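Reviewing the structure listed below.
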Amino acid sequence: MLSGGGIKAAAFHVGVCLALKEKGFNFAGGSPQEMAQKYPKDEMTFKTYVGSSAGAVISTFLAAGYSINDVLESFQLGAGFQDAKKTHSQPGALKPLSYFHLFSLNGGNILGFLPGIFKMKPLITGGLEALIKNGFKINGLFTTGGLERYFRKYVLTENRFESLGPNLYIVATQLNHSRKVVFGNFKETKKVRAIKYANYATISEAIAASAALPPVFAPYGIKDQKGTTLYYFDGEIRDTLSTHVASDHDADLVIASYSIQPYHFTPEIGSLHQYGIPIIINQALYQVVEQKIQSAIAHKQSMSAVLKTIDGYCKEVGIADEHRERLIQIILDKTSFKPNVDYIYIHPKESDHQMFFADHFSLNAKTLAMIVRSGFKAAISTLRKHNI
């Protein structure tokens, strides 16, 4: 499971994947035929990918059969504007992912705003809030249309989930509803609780929908099976880490990588109040996201403890095994909890101040290299704690 967080998160995930590769893990990818030939049954091979926003980008690269080195080179070559016009240097190599692909100007909305705002008479009737609501109706500075074209034209041989050998699930949030949407190779579109599992998007469309982070990017529209255009935005608004998607589809080990780590005070850095509004906003958002992640982790731990307590009590008082097992199964069915799935969470260290202050949307070569190293070090440290 790879989370969102802009280019910063994508580079962190690359570092994590490099560490996993060094520890003996493999990443299955390509068509079903290619996957069957290259990746026989192996406990050390990832065959299910779940991604949101930036995580959807890296997950798709891997599921499509590109190596970690291919992805890393694509980011490095795409760091400059001149590199954006380069073609593939070798057959099968990734086209450099550049600012041109990541930031397509949302021209229609921005230009449409200007005439309207000048026609308002008087300009601020109703106060500042009225000015913002009535005049500033830009739904995003950029669109993710360039990212969709990049994957459709340069990355994916076949732009369909069913064309991939591994399982690929991309998470988005439905704009005009209160539900999370998981795009993937499903036989039919279905709704389970507050989640829709949808089969009507192409892979590139799902990526564009998942990466549409407000207010930087406008919501992305996709036609459903009825021909109705539904709009989606960032996949982590409803749920920060959708680890359940992997466990619900028979994964027995889920490794979740996320780049969020709030700043913890140190004398050499000082208090964040002296660094300005953007840094303070980052810290506030990071704290909210971390709380959601820690709550989800605590819930899993609590469920494990509850099941262990019930199992132990039933054995202590001599309840028949068939009734004890039936009781536990009822609880599992009601809660959708998977007791036999192991979870490993990888995130930056609290002391990694460079990572905290790094720009979320920079393709600067030195910045990317620093973030990749951060992901690698964080993963190696975490895997050692799990005796891997």
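Heavy-atom basis, side chains included; hydrogens, waters and symmetry copies ignored. This structure is a prediction, so every number in the text was calculated from the model and none was measured.
With values rounded to the nearest 0.5 angstrom, Thr243 atom OG1 is found 12.5 Å from Ile255 atom CD1. Met1 CE to Tyr345 OH: the interatomic distance, rounded to the nearest 0.5 Å, is 10.5 Å. Rounding to the nearest 0.5 angstrom, the gap separating the CD1 atom in Ile170 from the OG atom in Ser210 is 6.5 Å.
The shortest non-hydrogen separation linking Ser242 to Lys180 is OG-NZ, 3.0 Å. Counting all heavy atoms, side chain and backbone alike, Ser104 lies closest to Phe100 at OG-O, 4.0 Å. The two residues Pro166 and Gly29 have their closest heavy-atom pair at CG-CA, 3.7 Å. Glu148 and Ser204 get closest at one heavy-atom pair: OE2-OG, 2.8 Å. Between Asn185 and Phe161, the shortest heavy-atom contact is N-CB, 3.7 Å. In plain terms, the two heavy atoms of Ser53 and Ala211 that are nearest each other are OG-CA, 3.7 Å.
Checking side-chain atoms of Arg149 against main-chain N and O of His101 turns up no donor-acceptor pair under 3.5 Å. Between the side chain of Ser74 and the backbone N or O of Asp70, no donor-acceptor pair lies under 3.5 Å. Of the possible donor and acceptor atoms, none in the side chain of Ser52 sits under 3.5 Å from a partner among the backbone N and O of Ser3. Counting only distance, with no hydrogens or angles, the side chain of Lys23 and the backbone of Ile388 share a donor-acceptor pair below 3.5 Å. At least one donor-acceptor pair under 3.5 Å links the side chain of Thr335 to the backbone N or O of Ile331. The main-chain N or O of Asp234 is found under 3.5 Å from a side-chain atom of Thr173 such that the two form a donor-acceptor pair. Counting only distance, with no hydrogens or angles, the side chain of Thr309 and the backbone of Ala305 share a donor-acceptor pair below 3.5 Å. Judged by distance alone, the side chain of Asn159 and the main-chain N or O of Ile203 form a donor-acceptor pair under 3.5 Å. A donor-acceptor pair under 3.5 Å is absent between the side-chain atoms of Asp224 and the main chain of Leu230, judged by distance alone. Not one N or O on the side chain of Thr367 forms a donor-acceptor pair closer than 3.5 Å with the backbone of Leu363.
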**Request:** Check step by step if side-chain contact (heavy atoms from CB on, under 4.5 Å) holds for Val182 and Val50.
**Result:** CA-CA 9 Å; Val182 180; Val50 182; over 6 Å; no
**Request:** Give the intermediate values and the outcome of salt bridge (Lys or Arg N to Asp or Glu O under 4.0 Å) for residues Arg324 and Asp321.
**Result:** CA-CA 5 Å; Arg324 173 178 57 83; Asp321 287 347; 3.3 Å; yes
**Request:** May I have the step-by-step check of ring pair (Phe, Tyr, Trp, His ring centres under 6.0 Å) for Tyr39 and Phe27, ending in yes or no?
**Result:** CA-CA 9 Å; Tyr39 305 99; Phe27 300 89; 9.3 Å; no
**Asked** Step by step, would you call Phe46 with Phe25 a ring pair (Phe, Tyr, Trp, His ring centres under 6.0 Å)?
**Response** CA-CA 7 Å; Phe46 292 103; Phe25 287 93; 5.2 Å; yes
**Message:** Show, in sequence, the C-alpha distance, side-chain angles and deciding distance for Ile260 and His347, and conclude whether the side-chain contact (heavy atoms from CB on, under 4.5 Å) test is met.
**Reply:** CA-CA 7 Å; Ile260 298 296; His347 58 88; over 6 Å; no
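No hydrogens or angles considered: nothing links the side chains of Glu73 and Asn69 as a donor-acceptor pair under 3.5 Å. In summary, the side chains of Gln291 and Ser295 do present a donor paired with an acceptor at a separation below 3.5 Å, with no hydrogens or angles considered.
Under a hydrophobic-cluster definition in which Ile, Leu, Val, Met, Phe, Trp and Tyr are linked whenever side-chain heavy atoms come within less than 4.5 Å, directly or via other members, Val288 and Ile237 are assigned to different clusters. No chain of hydrophobic side-chain contacts below 4.5 Å, direct or via other Ile, Leu, Val, Met, Phe, Trp or Tyr residues, connects Tyr200 to Phe233. At a threshold of 4.5 Å between side-chain heavy atoms, the hydrophobic network of Ile, Leu, Val, Met, Phe, Trp and Tyr places Leu241 and Val57 in two separate groups. Hydrophobic clustering (ILVMFWY, side-chain heavy atoms < 4.5 Å, transitive): Ile269 and Ile371 are in distinct clusters. Residues Val341 and Leu2 fall into different hydrophobic clusters, defined by Ile, Leu, Val, Met, Phe, Trp and Tyr side chains chained together at heavy-atom separations under 4.5 Å.
A salt bridge is absent between Lys190 and Glu188: the closest approach of a Lys/Arg side-chain nitrogen to an acidic carboxylate oxygen does not fall below 4.0 angstrom.
The aromatic rings of Tyr169 and Phe186 sit parallel, their planes meeting at an angle under 30°, below the 60° perpendicular limit. Between Tyr263 and His353, the ring planes are tilted. Angles from 30° to 60° get that label.
Crowding of Lys377 atom NZ: a count of heavy atoms from other residues, nucleotides or ligands under 6.0 Å not exceeding 12. Heavy atoms of other residues, nucleotides or ligands lying less than 6.0 angstrom from CD of Gln294 number more than 12. Tyr231 OH: 12 or fewer foreign heavy atoms inside a 6.0 Å radius. More than 12 heavy-atom neighbours from other residues, nucleotides or ligands sit within 6.0 angstrom of CZ on Phe357. Remark: Arg179 CZ is packed, more than 12 non-hydrogen atoms of other residues, nucleotides or ligands lying under 6.0 Å away. Within 6.0 Å of atom CD1 in Ile277, 12 or fewer heavy atoms from other residues, nucleotides or ligands are found, so the atom counts as exposed in its surroundings.
Taking the six-membered ring where the residue is Trp, the centroids of Phe356 and Tyr275 are separated by 6.0 Å or more. Ring centroids of Phe12 and Tyr258 are separated by 6.0 Å or more, keeping the two rings apart.
Residue pairs meeting the side-chain hydrogen bond (donor to acceptor under 3.5 Å, both in side chains) criterion with at least one member in residues 245-257, sequence neighbours excluded: His13-Ser257, His244-Asp248, Ser247-Tyr343, Asp248-Lys338.
Side-chain contact between Met355 and Ser259 is present, with heavy atoms from C-beta onward closer than 4.5 Å.
When the options Tyr150, Phe75, Tyr154 are evaluated for a side chain to side chain contact (heavy atoms under 4.5 Å, CB included) with Leu94, the one that passes is Tyr150.
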